[in-house]
A.B. asks: 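Sharing a structure, written as structure tokens. Questions coming.
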Amino acid sequence: MSLLITDECINCDVCEPECPNGAISMGEEIYVIDPELCTECVGHFDEPQCIEVCPVDCIVVDPDNQESRDQLQAKYERLTG
């Protein structure tokens, strides 16, 4: 699964630098997460770092991008290999 930033985002800028895959960037109005780069921090950390630092809890699992932990691990290996 990829993560998704909801429209509750306040553009506080804390999530972007925490993403080890560079999956978070500024969108037209709020930050967005690239599902091709998001591994939910699998391979890097035990928990998604963006969720850990978000002060408004606006980062959720993206229901349109469901992936198993094994798929996320494979994506991590592809991105870092």
Side-chain angles (χ1 to χ4, degrees):
M1 288 173 263
S2 173
L3 299 174
L4 174 74
I5 298 176
T6 68
D7 60 4
E8 295 168 4
C9 176
I10 59 171
N11 294 323
C12 67
D13 304 319
V14 298
C15 62
E16 183 181 24
E18 295 299 320
C19 182
N21 297 323
I24 301 174
S25 62
M26 188 62 194
E28 287 186 30
E29 294 182 24
I30 61 172
Y31 280 91
V32 295
I33 298 176
D34 182 342
E36 296 298 316
L37 298 176
C38 179
T39 63
E40 293 185 38
C41 289
V42 168
H44 294 282
F45 301 101
D46 292 334
E47 299 293 328
Q49 297 302 288
C50 58
I51 291 175
E52 293 289 313
V53 300
C54 181
V56 292
D57 297 325
C58 67
I59 303 172
V60 298
V61 172
D62 184 350
D64 295 331
N65 289 297
Q66 305 244 350
E67 296 171 285
S68 69
R69 183 158 182 86
D70 288 340
Q71 289 171 312
L72 292 169
Q73 181 68 39
K75 187 192 301 185
Y76 161 78
E77 291 169 7
R78 180 176 45 83
L79 291 170
T80 60

A.B. asks: Other members of the hydrophobic cluster containing Tyr76, with the 4.5 Å side-chain heavy-atom rule, please.
C.D. replies: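 None; Tyr76 is a cluster of one.
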A.B. asks: Return the set of residues passing side-chain contact (heavy atoms from CB on, under 4.5 Å) with Ile59 (not counting sequence neighbours), or none when no residue passes.
C.D. replies: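 side-chain contact (heavy atoms from CB on, under 4.5 Å) list for Ile59, sorted by chain: Leu3, Ile5, Cys15, Ile33, Cys50, Ile51, Cys54.
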A.B. asks: Quick one: closest heavy-atom pair of Pro35 and Ser2, and the distance?
C.D. replies: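 Closest approach of Pro35 to Ser2: CA-OG, 3.3 Å.
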A.B. asks: Within this structure, what is the SG-CG distance for the pair Cys38 and Leu72, rounded to the nearest 0.5 Å?
C.D. replies: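 Going from SG on Cys38 over to CG on Leu72, the span is 7.5 Å.
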A.B. asks: The criterion is side-chain contact (heavy atoms from CB on, under 4.5 Å); which residues satisfy it with Glu36, sequence neighbours excluded?
C.D. replies: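 Glu36 satisfies side-chain contact (heavy atoms from CB on, under 4.5 Å) with Asp34 only.
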A.B. asks: Quick one: side-chain hydrogen bond (donor to acceptor under 3.5 Å, both in side chains) partners of Tyr31, sequence neighbours excluded?
C.D. replies: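 Once residues adjacent in sequence are excluded, the partners of Tyr31 under the side-chain hydrogen bond (donor to acceptor under 3.5 Å, both in side chains) criterion are Asp13.
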A.B. asks: Tell me the salt bridge (charged side-chain N to carboxylate O under 4.0 Å, His left out) pairs involving residues 59-80, sequence neighbours left out?
C.D. replies: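 Matches after skipping sequence neighbours: Glu67-Lys75.
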A.B. asks: For residues 18-29, dump all side-chain donor-acceptor pairs below 3.5 Å to protein atoms at least two apart in sequence or in another chain.
C.D. replies:
residue : atom : partner : partner atom : Å
Asn21   : OD1  : His44   : NE2          : 3.0
Asn21   : ND2  : Leu37   : O            : 3.2
Asn21   : ND2  : Thr39   : OG1          : 2.9

